Amino acid sequence: MTSGIRYRRSNSHRNTGTGSTGTVHASRVDVELVEQLARKFSHGTIALVGPDFLPSEAAARLDSLGNIRRVPPVPYSRIPEYMRAFDVC
């Protein structure tokens with residue numbers, strides 16, 4: 001995958017991957033909570049995989065954190081591949 005998501009390669013928690021699949025919309029994603037998680041777990045990556053309908057201001061806030069990846073929609077058949085890469089989903 002070339003989404004920029006870092007995956008855990010060992011028992012270390014340094015590259016923990018957390019993610020969500022589905023529509024990324026302000027009514028479905030708690031942007032403040034995602035921001036807090038990204039700050040608290042800055043050693044890992046948070047991936048939001050799916051159609052992105054966030055307001056530009058919210059998207060810019062998430063993008064500014066550096067460890068959040070907004071991944072465009074992927075075919076349904078590839079969702080398990082992404083989910084297997086997450087430590088927390």
Side-chain angles (χ1 to χ4, degrees):
M1 285 183 283
T2 59
S3 61
I5 302 169
R6 295 188 308 256
Y7 304 103
R8 186 174 64 175
R9 300 284 185 216
S10 68
N11 290 334
S12 167
H13 67 283
R14 293 188 160 228
N15 289 324
T16 301
T18 301
S20 173
T21 59
T23 303
V24 182
H25 189 280
S27 68
R28 294 181 178 201
V29 175
D30 186 334
V31 174
E32 271 188 50
L33 179 60
V34 174
E35 287 178 290
Q36 289 173 11
L37 288 170
R39 286 186 181 100
K40 176 90 173 154
F41 301 103
S42 59
H43 58 274
T45 300
I46 298 172
L48 302 174
V49 181
D52 189 340
F53 296 103
L54 287 177
S56 58
E57 180 268 331
R61 286 180 12 220
L62 295 180
D63 292 344
S64 74
L65 293 168
N67 64 334
I68 297 176
R69 305 290 181 262
R70 293 182 303 122
V71 181
V74 297
Y76 182 77
S77 62
R78 292 198 56 209
I79 294 294
E81 176 184 344
Y82 280 80
M83 293 180 80
R84 278 192 298 273
F86 301 152
D87 293 308
V88 178
C89 185

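FYI, side chains are in, hydrogens and waters are out, and symmetry mates aren't considered; it's all heavy atoms of this structure. Everything numeric here is computed off the predicted structure, so don't read it as measured data.
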Given I68 and D63, is the side-chain contact (heavy atoms from CB on, under 4.5 Å) satisfied, shown in steps? CA-CA 6 Å; I68 297 176; D63 292 344; 5.7 Å; no
Can you name the nearest heavy-atom pair linking F86 to S20, along with the distance?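 Scanning both residues, the minimum pair turns out to be CE1-N, 3.9 Å.
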Distance-minimising heavy-atom pair for L65 and A38: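 Heavy-atom minimum between the residues: CD1-CB, 3.8 Å.
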Once side chain to side chain contact (heavy atoms under 4.5 Å, CB included) is applied, do any residues pair with P51, and if so which ones, sequence neighbours excluded?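 For P51 the side chain to side chain contact (heavy atoms under 4.5 Å, CB included) partners, ignoring immediate neighbours, are T23, F53, P73.
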Start with the C-alpha distance between L62 and L54, add both sets of side-chain angles, then the distance that settles side-chain contact (heavy atoms from CB on, under 4.5 Å), and finish with yes or no. CA-CA 10 Å; L62 295 180; L54 287 177; 3.6 Å; yes
Check whether any side-chain heavy atom of F41 sits under 4.5 Å from a side-chain heavy atom of V88, and report yes or no.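 Answer no - side chains too far apart.
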Do L37 and T18 come close enough that some side-chain heavy atom pair is under 4.5 Å?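 L37 vs T18: side chains apart.
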State the CE-OG1 distance between M83 and T21, to the nearest 0.5 angstrom.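 Reported value, rounded in 0.5 Å steps: 4.5 Å.
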Run the side-chain contact (heavy atoms from CB on, under 4.5 Å) check on V31 and R61 step by step: do they pass? CA-CA 9 Å; V31 174; R61 286 180 12 220; 3.4 Å; yes
